[in-house]
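Shown next, in structure tokens, is the structure this report addresses.
Both backbone and side-chain heavy atoms feed into the values below; hydrogens, waters and symmetry mates do not. Just so we're on the same page: letters track the sequence lines, and every chain starts at 1. These figures come from a predicted structure and were not determined experimentally.
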Amino acid sequence: EVQLVESGGGLVQPGGSLRLSCAASGFTFSNYWIHWVRQAPGKGLVWVSRISSDGSTTTYADSVKGRFTISRDNAKNTLYLQMNSLRAEDTAVYYCARVQRGGYFDYWGQGTLVTVSS
Amino acid sequence: DIQMTQSPSSLSASVGDRVTITCRASQSISNYLNWYQQKPGKAPKVLISVASSLQSGVPSRFSGSGSGTDFTLTISSLQPEDFATFYCQQSYSTPYTFGQGTKLEIK
């Protein structure tokens with residue numbers, strides 16, 4: 001069974017940092033590109049970042065470029081999102097999602113809530 | 001960035017109704033359009049990929065159509081479990097943008 005399990009969310013002050021993890025199981029993690037998508041409370045879905053299967057290619061939304069870093073450890077079947085210089089507008093549930101050819105997200109994690117507040 | 005506009009933003013319908021949600025892209029995206037259903041407190045679930053391909057396990061009452069800039073999601077006969085929020089998403093180019101969502105409520 002394919003599973004993606006996020007962790008690392010929590011309450012952080014503006015300007016602070018947090019690292020999210022996404023542990024994958026049930027499939028060959030190193031074969032897939034993985035994305036982060038976030039959802040502010042009561043709002044819609046917003047794409048954040050993606051990383052290629054081997055980690056050599058990364059892409060970011062303009063809103064997080066220069067502050068967030070996506071990475072992966074294929075030996076540990078784990079995806080990461082290092083979030084620095086956090087702002088109130090980064091408050092959201094963060095989902096990791098596996099992408100299939102064609103660009104659709106076929107499996108999602110349950111999400112982890114990040115709250116940026118003083 | 002490609003803007004995705006869904007309509008309506010909310011919709012009230014009854015069990016058994018036929019419902020159509022539309023999604024318009026700000027530029028042509030060929031058929032790189034996907035539809036998701038999200039229930040409160042849950043992750044989104046893909047229903048339709050590349051405009052019209054029904055995902056495994058998704059009931060056949062869901063269908064998608066369109067190409068270029070205009071797309072539709074149709075539910076042929078609403079069931080109680082279908083009431084949720086629906087999102088379109090373009091995968092033509094990054095950033096992969098979503099529509100603002102359509103909340104489908106029970107009349």
message: Tell me whether the count of non-hydrogen atoms from other residues, nucleotides or ligands lying under 6.0 Å of CZ in A:Arg67 goes above 12.
response: yes
- line: Of all heavy-atom pairs linking B:Pro44 and A:Tyr95, the shortest is CD-CZ, 4.3 Å
query: Do B:Tyr36 and A:Val99 share a hydrophobic cluster (ILVMFWY, side-chain heavy atoms under 4.5 Å, transitive)?
result: yes
query: Is a side-chain N or O of B:Ser91 found less than 3.5 angstrom from the main chain of A:Gly102, in a donor-acceptor match?
result: yes
- prompt: Which heavy-atom pair separates A:Phe105 from B:Phe98 by the least distance, and what is that distance?
  reply: CE1-CZ, 3.9 Å
Which atom of B:Val46 lies closest to which atom of A:Asp106, heavy atoms considered: CG1-CA, 4.1 Å
field: Interatomic spacing from CG in B:Asn34 to CD in A:Gln100 - rounded to 0.5 Å
entry: 11.0 Å
task: Among B:Lys45, B:Gln100, B:Gln55, B:Lys42, single out the residue with the greatest number of heavy-atom pairs under 4.5 Å to chain A.
output: B:Gln55
field: pair A:Val37-B:Tyr96: side-chain heavy atoms closer than 4.5 Å
entry: no
query: Any side-chain heavy-atom pair from B:Gln38 and A:Trp108 closer than 4.5 angstrom?
result: no
- prompt: Highest number of heavy-atom pairs under 4.5 Å with chain A: which of B:Pro95, B:Gly99, B:Ser53, B:Pro40?
  reply: B:Pro95
message: Are B:Met4 and B:Phe86 connected into the same hydrophobic cluster when the rule is that any two of I, L, V, M, F, W, Y join if their side-chain heavy atoms are below 4.5 Å apart?
response: yes
message: Grouping I, L, V, M, F, W and Y whenever their side-chain heavy atoms are under 4.5 Å apart, do B:Tyr92 and A:Trp47 come out in a common cluster?
response: no
- prompt: With distance as the sole test, does B:Gln89 use its side chain to make a donor-acceptor pair with the main-chain N or O of A:Gly103 at under 3.5 Å?
  reply: yes
query: Would you find more than 12 non-hydrogen atoms of other residues, nucleotides or ligands less than 6.0 Å from B:Lys39 atom NZ?
result: yes
message: Count I, L, V, M, F, W, Y as connected when their side-chain heavy atoms are under 4.5 Å apart, and connections chain through other members. Are B:Leu104 and B:Ile48 then in the same cluster?
response: yes
task: Flag yes if B:Ile21 and B:Tyr87 sit in one hydrophobic cluster, no otherwise; membership is Ile, Leu, Val, Met, Phe, Trp, Tyr, and two members link when side-chain heavy atoms are under 4.5 Å apart.
output: no
